[in-house]
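The structure under discussion appears below in the form of structure tokens.
Reminder, nothing fancy here: chain letters follow the sequence lines and each chain counts from 1. Owing to the predicted nature of the structure, the values given are computational and were not obtained by experimental measurement.
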There are 2 protein chains.
Amino acid sequence: MDKQDSSEAPAAESPAGADAFSPIAWRDGGLWLLDQTLLPAEEEWIDCSTPEIIADAIRRLAVRGAPAIGVSAAYGLVVGLRDVERAEDLGSRFEEVYELLASTRPTAVNLRWALDYGRRVFEEHRAGGPEATRAALLEWAKGVHADDIDSCRRMGEHAVELFREGDKVLTHCNAGALATGGYGTAVGVITSCFHHGRLAQVWVDETRPLLQGARLTAWELSRLNIPYRVVTDSSVGALMSRDMVDRVVVGSDRIAANGDVANKIGTYTVAVLAARHGVPFYVAAPLSTIDLHTATGDDIPIEIRDPEEVTRIAGVDMSPNTEMAQNFAFDVTPNDLVAAIITEVGVLRAPYVESIREAFAQAEAG
Amino acid sequence: MDKQDSSEAPAAESPAGADAFSPIAWRDGGLWLLDQTLLPAEEEWIDCSTPEIIADAIRRLAVRGAPAIGVSAAYGLVVGLRDVERAEDLGSRFEEVYELLASTRPTAVNLRWALDYGRRVFEEHRAGGPEATRAALLEWAKGVHADDIDSCRRMGEHAVELFREGDKVLTHCNAGALATGGYGTAVGVITSCFHHGRLAQVWVDETRPLLQGARLTAWELSRLNIPYRVVTDSSVGALMSRDMVDRVVVGSDRIAANGDVANKIGTYTVAVLAARHGVPFYVAAPLSTIDLHTATGDDIPIEIRDPEEVTRIAGVDMSPNTEMAQNFAFDVTPNDLVAAIITEVGVLRAPYVESIREAFAQAEAG
């Protein structure tokens, strides 16, 4: 696996535009992913020359965040078909790559969304042979990438009405440029509101066990010159009881058809505290994160990860037995705790079964 | 500062008894404290030959937990008077040592409690000269130490009625033998209930930023052979929403006269989640933790510690700017979220203003 440092970072060629950042880049006919496990200490890009490298990057969270996983998987289908020479091998190879990528992580629905969307593009073009299929999939993947960034920017615009001058906003995990095609969902909302003068400071939950808040969101906010402070996840109650939080905005890995929200472990806790303290709790997510086939949060599969992610930090064993931990990667926030879902087609309110259905209808019509 | 490893650990000579552990020992005419910053990797004891070493140990959390700080400060008064030769120097030296120890940490009330109690003993005996004063203070300090362990054992007995066979109990931070003279408050309750067959498993919040749960409570429960699993602090909501927690028991650094509870940051969050899920939230603390001079939780001073405790873990910078963090050490849980306070004189229930007053009356009468 080749790596290169940030001096040759391919980000500028991403479709995120000059003022935004993308952790995903197609360059010199290949996919490059920023290795997020190394941030903020190092900015290294992974040369994803095989779908196995992409699958590995998704599994070990070198690329993470539901939208970013979706975009990476889209490009992954192109990379996976790279060496196919004969038309009759296309179908079996496609299935192989589809399964490899689909098996990486269970909770984020954008992964399946991208792969199923890719399958339709594949079926439409495979008759043209390997070269034409690859070209069509690449064009499509670039479109998925660009659309994702565009969705984030729209969310940012729609969100402005929800915020007020001087607001202190808390976010959990990283739902930023790094978690998307670029710009970010929750961090995109924060960026937009900050530039509209509606936001004074961000509270960044560190987000144990992998510290996506302390490592990644803080890194992004630093680059964006948006004032922030990192806090331990367990500080949210103290902050709210001191009236130090005005709004919460988070991303999501999957939203059920009724508006229940799966997101990084700890999100539910923040939502419960927000409800107790009358702090509006917003979720920013593209429609590709909403799964109409998942009726409620109870139906969302929750990934359980290695206990050592909890007990071993920076290579040091923090607990006497590193196996004696329980590591749920996500939790589910019931829809009654969600003040609004900010999507690319607008701000959705309860009852979500209806507002979500209308949003999809609007998106298809548009 | 001399240290020695566990092969010569003086724990067996502590008044905790053969079946219990104490992090504080008086041996060979001197005070020894187990350095809790090094656990679980190393068991090193600090030779506390001066009150400055004791103050430093308290400040950097080598000894921590309100009752353990109180016991350490009691012995600290003896150590502080060690070199006084002339009776006329006793008073000024006592004030010097009192101020040094009192200034170490603001939230735990047991510290002031022990020092003020020590002052009364000092005043009673100083007329007898340095030698007699030291002897009286040492006898008193050993009594404070023994009483603290005895209180913990009583709490454990009183708590049994509150638990049921098969209960899964969650605790936050470390309120164990390490946080007390020995045996522990919340962990003492857990130990007692486990041995009475009322407890099946413990959920241990890791307790960021300093991981007292993952490092210390896990270490104690391992030694006690009580089944446990460590979880990130942000997992509590997910566990409760899956009905995986039946009881919560925590310690406290200060309880106001109305029953508001200051404890390690994150405790309030656990209490809010427990209330939402109908899980009884118990606080185990000796009467020396209850401050009748503090009317409500609003009056409890909350220590703010170094931001780098949050952003630097195991010597590694986890965030792009290690100063950009907010680090409240404690939070306050309002009394309406507290199902019961377990003390050495019995289980107190709301309204706490009354039950606390009665408990003190009972203790004085007894």
Roughly how far, to the nearest 0.5 Å, is OG1 of A:Thr322 from CD of A:Glu309?
->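 Between atom CD of A:Glu309 and atom OG1 of A:Thr322 there are 12.5 Å.
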Chain B: which of [options] shares the most heavy-atom pairs with it under 4.5 Å?
options	value
A:Leu337, A:Leu39, A:Thr217	A:Leu337
A:Lys264, A:Met324, A:Arg229	A:Met324
A:Val316, A:Asp331, A:Thr269	A:Thr269
A:Val236, A:Val270, A:Thr232, A:Thr267	A:Thr232

Does any heavy atom of chain B fall under 4.5 Å from the side chain of A:Leu239, the backbone, both, or neither of them?
-> side chain
Would you mind checking which part of A:Gln326 comes under 4.5 Å of any heavy atom in chain B, side chain (CB onward), backbone (N, CA, C, O), both or neither?
->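 A:Gln326 touches chain B through backbone and side-chain heavy atoms alike.
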Lys/Arg-Asp/Glu bridge criterion (N-O < 4.0 Å) met for [X], [Y]:
X	Y	value
A:Arg254	A:Asp291	yes
A:Arg60	A:Asp306	no
B:Glu303	B:Arg305	yes

Measuring heavy-atom distances to chain A, does [X] have an atom under 4.5 Å in its side chain, in its backbone, in both, or in neither?
X	result
B:Leu211	side chain
B:Tyr228	both
B:Ser222	side chain
B:Ala218	both
B:Asp205	neither
B:Leu221	neither

Find the one option among B:Pro227, B:Ser319, B:Gly237 whose heavy-atom pairs under 4.5 Å with chain A are most numerous.
->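 Looking at each of B:Pro227, B:Ser319, B:Gly237 in turn, B:Ser319 comes out on top.
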Indicate whether any N or O donor in one side chain lies under 3.5 Å from an N or O acceptor in the other, for A:Arg215 and A:Asn174.
->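 Result is no, nothing qualifies.
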Looking just at side-chain N and O atoms, do A:Gln212 and A:Arg64 make a donor-acceptor pair shorter than 3.5 Å?
->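 No - no donor-acceptor pair under 3.5 Å links their side chains.
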Between B:Trp219 and B:Phe21, how do the two ring planes meet: parallel, tilted or perpendicular, split at 30° and 60°?
->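 The rings of B:Trp219 and B:Phe21 stand perpendicular, inter-plane angle above 60°.
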Please check if the side chain of A:His172 supplies one atom and the backbone of A:Gly213 the other of a donor-acceptor pair under 3.5 Å.
->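 A pair under 3.5 Å: no.
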B:Phe328 six-ring face occupied by A:Arg242 cation (under 6.0 Å, within 45°) | yes
